[in-house]
Structures are given as structure tokens and as C-alpha cells.
Amino acid sequence: MTSNTWPDLDGIAYGGDYNPEQWPREVWDEDVALMREAGVNFVSVGIFSWALLEPKEGLYEFGWLDDLLDLLHANGISADLGTPSVSPPAWFFHQYPEARVTLKDGTVMGFGSRGMASHAAPEYREAIARMAGALADRYASHPAVVMWHIHNEYGVPVAEDFGPRAVASWRRWLQARYETLDALNDAWGTAFWGQRYGDWEHVVAPAATPTIANPAMKLDWARFTDDQLRECFRIERDVIRERASQPITTNFMAHQSWNTDLWKWAREVDVVSDDHYLWAPDPDAHVGLALSADLTRSVAGGNPWILMEHSTSAVNWQGHNVAKRPGEMRRNALTHLGRGADGIAFFQWRASRSGAEKFHSAMVPHAGPRSRVFREVAGLGQDLKALADIRGARTTAAVAVLYDWESLWAHDLEWRPSDDLQFRERMRAYYERLWRDGVQVDFAHPEADLSGYRMVVAPSSYLLTAEAGRNLEAYVEAGGTLVVGAFSGIVDEHDAVHAGGFGAPLKNALGLTIEEFLPLRAGETCHVAYGAESIETDVWAEDMALAGAEVRGTFTDGPGAGLPAITRHQHGTGVSWYVGTRLSVSALAHVFADAYADAGLTPASAPEGVEVMVRTSGAEDFVVVCNHTDDAADLSITGTNALTGAQVDGQLTVAGGDVAVVRTAAGEWGGGR
Ligand code: GAL
């Protein structure tokens with residue numbers, strides 16, 4: 001069947017994971033009444049229901065789900081129907097003990113939690129296909145079902161599987177990738193440490209090894225692991241697709257997951273959906289939220305997406321589960337919306353009394369509906385109703401930030417020049433600089449077409465293929481402005497150092513290569529003279545071999561004293577900047593101010609701590625203004641506040657902690673675009 005590309009729903013999708021099987025039947029009636037009160041129109045059901053749906057192998061009990069879907073439908077609430085493949089029942093593992101996942105050290109996972117199935121096990125693959133088929137046969141035309149939600153957060157809690165079945169399928173995967181053992185030996189550089197393979201049966205998985213395993217093997221293993229998960233997704237998706245026309249999704253975890261290459265995954269789903277949880281140790285966790293939302297929209301190709309899970313208040317799985325303070329949940333939700341989400345959902349509807357997540361917040365907390373959290377949940381429902389017209393509006397960005405999961409995997413392998421130079425930390429620092437400057441960004445793969453962007457930023461591109469190098473070079477040649485962070489363009493797709501040395505694929509674009517890395521000791525700092533500034537920096541220095549680049553910043557002390565730290569290079573009609581050290585978010589401001597000038601970009605003029613996001617329908621813009629500070633902030637803008645209906649005549653005042661959404665003429669808010 002052909003699929004729809006959005007669930008058949010009016011307005012913004014609003015709701016959460018709903019697990020009524022944890023509650024007596026009479027609570028369901030209260031649930032739907034409260035859902036209506038809160039403006040909920042969309043709930044995800046059945047994600048963990050396998051043991052109830054198939055209590056014994058081949059014995060299906062759909063009665064309760066029939067009742068539930070009928071009840072939801074009768075109340076005007078749509079269902080995102082889950083397939084329960086993340087949590088097969090106890091009988092399954094009893095019957096098929098080989099279908100359990102094996103950890104690196106050989107430990108076979110036991111039952112009593114979730115996510116312990118081996119994705120390589122044929123018994124698991126058959127069982128998930130049967131279950132998905134049975135659900136689709138029964139509910140493909142149920143009027144409540146508007147979307148299918150396959151599995152849950154692929155790769156969590158366990159992605160890698162070192163069991164014998166997984167290893168057999170790894171060998172098949174390698175044979176398909178390399179065809180010959182010679183090609184594999186070459187790609188993995190097995191001449192090193194005498195690792196040459198003479199027989200496919202001798203090829204092992206990178207399990208427990210005395211010292212570090214072959215990095216190229218580990219990088220392929222990460223690709224293989226990701227592929228296995230995607231194969232399982234496809235099994236369920238295709239079975240459902242044969243029977244049903246509703247769109248199919250699975251919930252991603254953008255910047256918070258490691259195992260899934262979302263550029264690939266996004267091509268497999270009809271609708272991109274994502275889960276995001278604030279990371280409590282981060283005092284500016286809302287910046288991480290914005291990064292995650294932009295990354296999600298970007299993998300979705302700019303199409304609207306659904307925030308499938310976030311929390312109304314505290315989570316339960318961090319060391320210090322910080323509760324959200326009044327207004328914070330609303331700011332979080334509307335930031336996702338401002339960055340392209342046309343659906344806002346939570347984990348979960350009603351807090352569980354039992355089990356591992358009883359201290360996790362919910363839309364209906366343990367305190368019940370007469371609580372601050374529920375009042376805010378209902379308030380958000382009102383907001384989203386008022387914002388229905390935003391649906392489908394797009395985001396335009398003048399800047400692309402390069403993000404590549406393969407580079408993350410490779411960078412995170414062991415024995416790098418410095419443990420302190422991290423992909424995620426660098427990504428966040430460069431993103432945060434752009435966020436603080438009010439510059440709207442997309443994320444892009446390094447081999448993507450970048451010609452539509454005025455500026456491209458590569459915070460951390462350790463693995464950069466020769467093709468990506470040519471792409472970036474052509475981008476600059478044609479007039480683009482490129483900003484590249486340290487330790488980029490170092491290895492190819494096999495984690496082998498590029499012929500021509502460190503940075504070789506970017507040599508023409510940057511006008512330099514790197515002769516030697518000069519990392520600092522833990523905690524050490526040094527300084528860079530940049531114009532009239534002396535900028536403190538840490539972690540990284542290096543010795544560049546200049547090939548035309550102009551030195552704009554010089555190390556004044558530390559291991560690189562006297563050597564170039566920051567360069568600018570004119571190539572073709574464009575300009576490249578290179579930052580050969582680890583600059584903090586505030587230190588990056590100096591370089592970015594100059595790079596914006598090269599790119600002809602004007603950062604937005606919003607007050608500090610006020611986040612401005614623009615979605616456009618072409619004819620009009622929706623300017624979402626989120627005030628993260630405690631003080632009122634003023635913005636120059638004209639339009640109508642979509643949340644209050646008030647006219648905004650040239651000046652908008654947003655109270656501390658508040659959010660406004662102004663409908664304006666297209667292009668009214670020009671900052672950072
Ligand atoms: C998500 C998961 C949910 C729930 C939630 C708690 O990662 O998909 O099922 O466990 O975390 O924060």
C-alpha cells in the first residue's frame with residue numbers, strides 16, 4: 001500500500017505514551033475524560049504490550065486493545081499504535097533462549113527488564129513479523145489508528161550483540177561489503193599487529209580483546225550494528241505496509257543516541273519522530289534541546305516531525321532528577337514546535353505506580369489532575385490549539401552544521417591524541433555559539449548539497465571522506481564561507497589516516513595541512529592572540545603546515561607557542577576559517593564575528609537568553625519567542641500574538657519565562673537568516 005506522510009489529524013498532534021494496561025478499566029474512563037480536558041488528540045499505545053497481546057505463543061488476546069481503541073475513537077482521540085518488539089514476553093525467551101543478546105564480555109542478558117532480544121536471532125525476527133502482521137491485520141482499518149509506531153528507541157538499552165548468530169551475520173555483512181578477504185584486509189589495515197585473515201570463518205567481532213581492537217573493524221562493527229537494527233525495523237515496517245496505509249514511524253533520539261545513523265534511518269520512515277530529555281547536569285539544557293530539535297528536523301529533510309517523548313517534569317534515570325519549574329515544560333515543548341515539530345508528546349500519560357519508572361513525571365502525575373503539572377499540561381493543550389495554523393510551516397536556515405554519525409563513531413574509538421577533544425562537546429560548543437547569536441541552522445551530512453547555505457560549520461569532522469573533502473572545497477570555491485574545527489579531515493571511511501597527512505582532504509579549501517598535534521595536559525590552558533584579544537584556550541594545539549592560509553590567531557604560550565592557531569583562507573570566491581584549538585563558546589564569538597562578516601550574515605538582535613525561532617508558511621511567518629530568563633524582554637516586531645490574540649505594534653514584551661508566537665508578514669524577523 002502507499003503510505004500517508006502525516007497522521008490523519010486536525011491541528012498539532014498532542015499527547016503521550018499511554019499504558020492503560022497498568023490500570024484497572026475504570027481508570028480508562030477518567031483518562032479519556034482528562035485527555036479531552038487537556039486537549040489531547042494523539043496517544044501512543046501498545047509499545048510494551050506483547051505479553052498481554054500474545055500471552056502464549058500463537059494465542060492472541062486483542063479484546064482489551066479493541067476496547068481501548070474504541071474508547072479512544074469514541075472520545076475523538078487518535079492512536080499511534082505501537083508494535084511491542086522492544087519487549088518480547090517471558091515465554092519467548094524461555095522458549096528461545098538463543099534469542100537473547102550477548103554482551104561484549106560474553107554475558108547473556110536475562111529477562112526482567114526490556115530490550116534484551118538479539119536482533120540477529122531468526123526466532124526474534126519471525127516473532128516480530130508475526131506480531132506486526134497480526135496487529136496490522138486487526139487494526140489497519142480501525143478509525144482510531146492514525147499512525148504506526150514500530151519498536152521503541154532502536155539501540156537502547158543494548159545495541160551491540162556478540163552472540164554466535166550476530167557474529168555469523170556480521171561475516172555475511174562483511175562479505176557483502178568487501179567481497180574478498182583481500183579487500184577486507186586492506187580496509188582494516190590488518191598488516192598491523194599481524195591481524196591478517198585467511199578465512200572468513202576466522203573473522204571475529206570486536207569483543208573482549210587484550211588491548212584495543214582494530215579500529216577499522218570497530219567502525220565497521222558500528223555500521224553493522226546500525227544496519228542490523230534497521231533490518232529489523234524494515235521487517236516490521238514492510239509487514240505493516242502490505243496491510244495498512246497509515247504512516248509508519250519509530251522514535252529516534254537525535255543527539256542523545258549513539259548507535260543509529262539517523263541520516264539513513266530517516267529515509268526509512270514516513271514521519272520522523274524523536275525523543276528528547278533534558279540533561280540535568282547541563283545548566284543550559286535548553287540549548288541541547290534546540291540542537292536536538294534542529295538535528296531532527298534536518299534528518300527529516302526539513303519536513304515536519306513529531307516530538308514523540310519528552311517529560312512534563314523530572315525523569316527518573318539520571319543521578320539527580322531535576323524537576324522542571326513552572327513554565328519550563330511549556331518553553332521546552334514550544335521550542336520543539338518552533339524548530340519544526342508538528343506533534344508534541346510526552347512519556348507518559350499517567351505516572352506508573354509500579355515498576356522501574358514510578359518516579360518519572362507524567363501528564364497526570366501521582367498527585368492527580370489537581371496539580372501544577374496537569375494544569376500546565378492542559379494549558380499547553382490550549383496553546384497548541386491556538387497554534388494549529390503553524391502546521392506544515394517550514395524553517396529556513398542560512399547556516400549548515402556538518403554532523404556525521406560515522407565520524408562520531410570513529411572519533412569515539414580509543415587511543416586518540418587527546419581524550420578531552422570530543423565530538424559531542426565540540427558539536428555543542430559550536431552550535432551554542434550560533435544559538436547565542438540567534439542564527440538559525442540546519443544540520444547536514446558532509447557529502448550533502450551545501451550550495452544553499454551562506455555558511456557551513458564543521459565543528460568536528462575527524463572522519464571525512466575524500467568525496468566530502470571535494471564537496472567542501474567546491475562549496476568554498478563557489479563563494480561559501482566554511483568554518484572548520486580542530487581534528488577534522490584526519491581519516492577516511494576505514495579510520496585510516498588520509499594519504500597526504502592530517503587534513504589532506506581540506507588542504508585546498510583551508511590552505512593548510514597539519515604536521516603534528518600538540519595536545520595539552522589535562523587542566524592546562526594556553527593563549528591565542530587574536531587581533532587585540534588574548535583568548536584563553538585548552539586541550540589542543542597543533543603545528544600546521546601552511547599552504548596559503550593567512551594566520552589570524554597565534555598561540556602565545558603552551559606547546560604551540562609562536563605557531564598559528566586560527567587561520568583564514570581565500571579559495572575561489574569563498575573563504576575558509578580553521579580553528580586549530582578548542583575554543584570555548586564565548587571565545588568562539590571572536591572568530592564567528594569575522595566569519596559572519598565574510599558570509600554576509602547578520603546575527604539576530606534578540607536580548608541575551610531569548611530564543612527566537614521562525615517558521616514560515618511562505619505568505620506569513622510564525623516567530624516563536626522563548627524567554628529563558630527571569631526578566632521581561634522586549635523585541636521589535638509587528639504582528640499578532642497567536643497565543644493571546646493581542647496585536648503587536650512594533651514592540652513585543654515577553655515576561656520572564658514566557659513564550660510568545662507572533663504571526664507576522666514573511667521576513668519580518670530577519671535576524672540570523
Ligand atoms: C525513553 C523510553 C520510554 C521511557 C522514557 C523515560 O527513553 O522510550 O519508554 O523509558 O525514556 O524517560
Side-chain angles (χ1 to χ4, degrees), residues 15-23 42-52 79-89 112-117 147-159 229 232-233 236 249-260 262 265 269 271-282 285 288-289 292-293 295-296 305-324 328-329 332-333 336 341 343-366 373 377:
D17 281 17
Y18 181 35
N19 298 302
E21 59 269 46
Q22 297 173 13
W23 296 92
F42 175 86
V43 290
S44 299
V45 297
I47 299 171
F48 296 100
S49 306
W50 196 335
L52 285 187
D80 170 35
L81 183 51
T83 67
S85 49
V86 72
S87 208
S113 178
R114 66 169 167 182
M116 55 172 285
M147 186 151 93
W148 296 90
H149 176 303
I150 292 179
H151 201 268
N152 190 64
E153 295 181 340
Y154 275 95
V156 174
V158 184
L229 299 174
C232 285
F233 169 78
E236 293 195 60
T249 193
T250 181
N251 45 343
F252 300 159
M253 276 182 299
H255 195 50
Q256 297 185 317
S257 74
W258 195 85
N259 297 293
T260 46
L262 297 184
W265 279 86
V269 298
V271 174
V272 163
S273 65
D274 192 62
D275 298 350
H276 181 267
Y277 290 96
L278 294 184
W279 181 233
D282 179 359
L289 180 160
S292 159
L295 183 56
T296 305
W305 54 281
I306 294 178
L307 175 68
M308 192 59 89
E309 293 181 23
H310 69 319
S311 65
T312 57
S313 188
V315 298
N316 64 300
W317 44 266
Q318 299 182 10
H320 304 88
N321 296 299
V322 175
K324 293 188 184 178
E328 190 173 359
M329 179 266 280
N332 293 165
H336 284 290
I344 300 291
F346 293 96
F347 178 84
Q348 63 176 331
W349 166 253
R350 189 183 276 277
S352 304
R353 284 189 56 210
S354 307
E357 295 183 326
K358 55 182 164 292
F359 297 124
H360 198 290
S361 59
M363 298 170 84
V364 183
H366 291 296
V373 166
V377 163

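Atoms within each ligand, like the ligands themselves, are counted from 1 in listed order. Atom set for the values below is all heavy atoms of this structure, side chains included, hydrogens, waters and symmetry mates excluded.
For atom 6 (C) of ligand 1, the closest non-hydrogen atom on the protein side is His360 NE2, 3.1 Å. Taking atom 5 (C) of ligand 1 as the reference point, the nearest protein heavy-atom neighbour is Tyr277 OH, 3.5 Å. Considering only non-hydrogen protein atoms, atom 7 (O) of ligand 1 sits nearest to Glu153 OE1, 2.4 Å. Nearest to atom 4 (C) of ligand 1 among the protein's heavy atoms is Glu357 OE2, 3.3 Å. Distance from atom 3 (C) of ligand 1 to its nearest protein heavy atom, with residue and atom name: Glu309 OE1, 3.4 Å.
Remark: side-chain polar atoms of Ser273 are paired, donor with acceptor, to backbone N or O of Thr250 under 3.5 angstrom. Side chain of Glu357 to main chain of Ser352: no donor-acceptor pair is present (N/O by atom type, distance under 3.5 Å, no hydrogens or angles). Proximity of a side-chain donor or acceptor of Asn251 to a complementary backbone N or O of Asp274 within less than 3.5 Å is not detected.
The six-membered or imidazole ring of Trp305 lies away from that of Phe252, with a centre-to-centre distance of 6.0 Å or more.
Residue Phe347 approaches ligand 1 through these ligand atoms, each under 4.0 Å from one of its heavy atoms: 3 (C), 4 (C), 5 (C), 6 (C), 9 (O). Short contacts between ligand 1 and Phe48, defined as distances under 4.0 Å to a heavy atom of the residue, involve ligand atoms 9 (O). Each of the atoms 2 (C), 8 (O), 9 (O) of ligand 1 lies under 4.0 Å from some heavy atom of Asn152.
Rounding to the nearest 0.5 Å gives a distance of 4.5 Å between OG of Ser85 and NE2 of His151. Going from atom CG of Asp80 over to atom CE of Met308 covers 4.0 Å, rounded to the nearest 0.5 Å. Separation of atoms NE2 (His310) and CG (Asn332) is listed at 6.0 Å; rounding is to 0.5 Å.
Listed by first and then second residue, the side-chain hydrogen bond (donor to acceptor under 3.5 Å, both in side chains) pairs involving residues 311-320 are Thr312-Ser361 (not counting sequence neighbours).
Neither the backbone nor the side chain of Met253 has a heavy atom within less than 4.0 Å of ligand 1.
Remark: distances from the non-hydrogen atoms of Arg114 to ligand 1 include one below 4.0 Å.
For the pair Asn316 and ligand 1, the shortest N or O to N or O distance does not fall below 3.5 Å.
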